[in-house]
Amino acid sequence: MKSVGVISLGCSKNLVDAEIMTGLLLRAGWQYTDDLAQAEIIVVNTCTFIEPAKDESILAILTAAKYKETGRCRRLVVTGCLSEQYRTELFKEISEIDVLLGTASWDRIVAAVEAAETEERVAVYERQSRRVEPAGLPRERTTPDYMAYVKVAEGCSNGCTFCLIPYVRGGFRSRTPESMLQEVRSMAAEGVREINLIAQDTTSYGRDLDEPTTLTALLQQITAVEGIEWVRLLYLYPKYFTDELLAEVVRNPKVCKYIDIPLQHISDPVLQRMHRRDRAADIRALLRKIRAQETYITLRTTFIVGFPGETEDDFRALCDLVREIRFDRVGVFRYSREEGTPAARLPEQIPEEVKEERYHTLMAVQAQISEEINRECVGRRETALVETAAADSEDGVAVGRLRTQAPEVDGLVYIENGEELPVGAFVPVEITAGYAYDLVAQPCGEAF
């Protein structure tokens with residue numbers, strides 16, 4: 001059989017596209033291989049979010065291209081955000097590329113690969129306003145059997161000055177609830193128990209549909225699907241974070257008490273230059289409302305340091321916010337001056353050494369807070385999802401995640417005396433130790 005290898009880079013939203021492209025190729029008669037040297041077709045699904053992501057994508061393309069000489073590769077396919085941003089430059093600069101697919105064209109991959117058998121080079125770019133409903137399309141999931149990402153929308157319409165997403169992914173386009181329910185039911189039938197809902201701006205979900213709906217209504221429908229135990233919300237833009245949504249997070253036992261809310265900054269002058277829609281007073285009011293709930297909710301956010309014009313006072317205000325709110329998790333990015341974005345043209349660009357200093361300062365502030373919060377967890381009883389069996393872990397203990405720990409981006413829980421725990425099981429545990437990023441626990445009930 002014809003063999004295909006796939007490299008997917010960047011975020012979980014990009015991963016979903018890669019999984020469906022792989023599924024479409026398998027349905028067309030191709031066979032998946034992890035060994036790129038044996039792949040006749042290699043697909044590189046790229047990212048262009050920040051400069052290091054671009055560099056990683058270019059390196060992956062060049063590495064894959066070498067298999068045309070050292071392996072069985074006959075066609076090199078490049079998809080994703082980099083191929084959208086540099087649709088003419090990539091063909092010109094990297095002669096080994098045979099197929100380019102834009103971000104709105106990933107479902108055309110089979111036709112493009114077949115066309116490349118007779119044509120010298122193939123490029124497929126659809127209008128970015130195009131809607132594609134993945135439900136019903138084959139998907140070769142690369143996540144563990146018990147967990148999946150579900151994309152609720154494509155693109156973004158917020159227009160943050162530092163971000164390329166609207167340029168490479170188009171405006172915000174929600175999927176229909178029916179499409180997502182069909183997909184979730186199919187996943188539940190295959191054994192998926194944890195659903196992570198993702199989009200560039202998840203709280204805007206449903207506002208653009210012909211029959212408008214809300215993220216709250218979608219949550220109620222998805223958590224009603226039999227077999228689904230956890231539903232996690234990722235990338236919640238603060239502008240449309242409603243009281244109704246917060247109440248659903250608190251009330252619904254299947255919704256993880258976990259809010260991922262990328263804020264980027266707290267200084268009004270910086271937020272204005274970023275073209276963020278919220279101001280410091282609105283952000284603080286929302287965060288305090290979340291912290292005031294009787295049910296404790298884990299808060300995760302991301303910040304950008306070194307944005308053009310960021311003063312010492314601006315940065316100090318950011319550190320003060322982190323100390324005041326005591327976020328459970330914080331990701332910090334050094335501002336990256338991305339070609340084609342409005343922020344790249346702003347005056348008062350910050351020197352790299354200042355960005356680096358502010359990055360380490362803010363990370364140190366958060367590390368202390370994270371360790372304090374994790375130590376406060378000692379004695380608490382939670383439910384853990386087992387991801388690595390004790391026999392397969394380096395330390396000889398089972399490893400998993402709590403509801404408060406998102407896959408790939410957060411810490412882990414190490415479960416001592418869990419030698420019999422199977423992967424994919426939920427088990428009651430008692431926290432026995434807490435560190436800056438990880439927890440230690442003991443089973444205190446039967447796995448289910």
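Please read all numbers here as calculations on a predicted model, not as lab measurements. FYI, the numbering just counts along the sequence from 1.
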Q. Does Lys68 come within less than 4.0 Å of Glu96, counting only side-chain N to carboxylate O?
A. no
Q) Taking all atoms of both residues into account, what is the closest heavy-atom pair of Leu263 and Thr301, and its distance? A) N-OG1, 3.1 Å
**Q.** Reference residue Gln405; test side chain to side chain contact (heavy atoms under 4.5 Å, CB included); the match among Thr298, Asp410, Leu385
**A.** Asp410
Q. Any side-chain donor paired with an acceptor under 3.5 Å for Thr103 and Glu84?
A. yes
Q. Pairs in or reaching into residues 201-226: which pass salt bridge (charged side-chain N to carboxylate O under 4.0 Å, His left out), with residues at least two apart or in two chains?
A. Arg131-Asp208
Q: Please report the shortest heavy-atom distance between Ala389 and Val423, naming the atom on each side.
A: N-CG2, 3.6 Å
**Q.** Ion pair Glu352/Lys355, N-O distance below 4.0 Å
**A.** yes
Q. Between CZ of Arg300 and OG1 of Thr404, what distance do you get to the nearest 0.5 Å?
A. 12.5 Å
Q: Of all the heavy-atom pairs spanning Gly206 and Ser174, show the shortest one and how long it is.
A: N-OG, 2.9 Å
Q | Verdict with reasoning, Lys66 to Glu69, per salt bridge (charged side-chain N to carboxylate O under 4.0 Å, His left out) | A | CA-CA 6 Å; Lys66 292 179 181 178; Glu69 299 176 0; over 6 Å; no
**Q.** Partners meeting salt bridge (charged side-chain N to carboxylate O under 4.0 Å, His left out) with Arg108 (sequence neighbours left out)
**A.** Glu126
Q.
Could you report the tightest heavy-atom contact between Val322 and Gln366, atom names first, then the distance?
A. CG1-OE1, 3.3 Å
Q | Minimum-distance pair of heavy atoms, taken over all atoms of Val413 and Ala441 | A | CG2-CB, 3.7 Å
Q) Can you tell me if Glu19 and Thr142 form a side-chain donor-acceptor pair at under 3.5 Å? A) yes
Q) Can you name the nearest heavy-atom pair linking Ala398 to Val386, along with the distance? A) CB-CG1, 4.5 Å
Q) So, Asn374 and Tyr437: side-chain donor and acceptor under 3.5 Å apart, yes or no? A) no
Q. Under 3.5 Å, is there a donor-acceptor pair between the side chain of Arg173 and the main chain of Arg130?
A. yes
Q: State whether a side-chain donor-acceptor pair under 3.5 Å links Thr22 with Glu140.
A: no
Q) Taking Asn45 for the side chain and Asn14 for the main chain, is one N or O donor matched with an acceptor at less than 3.5 Å? A) yes
Q. What pairs with Phe307 under ring pair (Phe, Tyr, Trp, His ring centres under 6.0 Å), at least two apart in sequence or on another chain?
A. Tyr335
**Q.** Euclidean distance, Leu101 CG relative to Met21 CE, rounded to 0.5 Å
**A.** 7.0 Å
Q) Could you walk me through whether Tyr237 and Thr202 pass the side-chain contact (heavy atoms from CB on, under 4.5 Å) check? A) CA-CA 7 Å; Tyr237 201 93; Thr202 308; over 6 Å; no
(Q) Let me confirm one number: the CD1-SG distance from Ile165 to Cys81, rounded to the nearest 0.5 Å. (A) 5.0 Å
Q: Could you check if a side-chain atom of Ile415 sits within less than 4.5 angstrom of a side-chain atom of Leu421, using non-hydrogen atoms only?
A: yes
**Q.** Euclidean distance, Gln85 CD relative to Cys47 SG, rounded to 0.5 Å
**A.** 10.0 Å
Q.
Which residues pass the ring pair (Phe, Tyr, Trp, His ring centres under 6.0 Å) test with Trp30, not counting sequence neighbours?
A. none
**Q.** Test ring pair (Phe, Tyr, Trp, His ring centres under 6.0 Å) applied to Phe327 - qualifying residues, sequence neighbours left out
**A.** Phe303
(Q) Does the structure place the NZ or CZ of Lys13 under 6.0 Å from the centre of the six-membered ring of Tyr235, at an angle of no more than 45° from the ring's axis? (A) yes
Q) Between the side chains of Glu51 and Ser336, does any donor sit under 3.5 Å from an acceptor? A) no
Q: Calculate, to the nearest 0.5 Å, the distance between atoms CG and OG1 belonging to Leu82 and Thr48 respectively.
A: 5.0 Å
Q: In sequence, state the C-alpha distance, the side-chain angles, and the governing distance for Ile290 and Ile259, and then conclude on side-chain contact (heavy atoms from CB on, under 4.5 Å).
A: CA-CA 9 Å; Ile290 293 169; Ile259 290 174; 4.0 Å; yes
Q: Tell me yes or no: between the side chains of Asp328 and Tyr296, is some donor less than 3.5 Å from an acceptor?
A: yes
**Q.** Stepwise side-chain contact (heavy atoms from CB on, under 4.5 Å) check, Leu219 with Val231
**A.** CA-CA 8 Å; Leu219 273 177; Val231 177; 3.7 Å; yes
Q.
So, using side-chain contact (heavy atoms from CB on, under 4.5 Å) as the criterion, who are the partners of Glu387 when residues are at least two apart?
A. Tyr146, Arg401, Leu412
Q) If you count the non-hydrogen atoms of other residues, nucleotides and ligands that lie under 6.0 Å from CD in Glu339, is the total more than 12? A) no
(Q) Regarding Glu229 and Lys254, does a basic nitrogen lie under 4.0 Å from an acidic carboxylate oxygen? (A) no
Q) With distance as the sole test, does Thr302 use its side chain to make a donor-acceptor pair with the main-chain N or O of Pro262 at under 3.5 Å? A) no
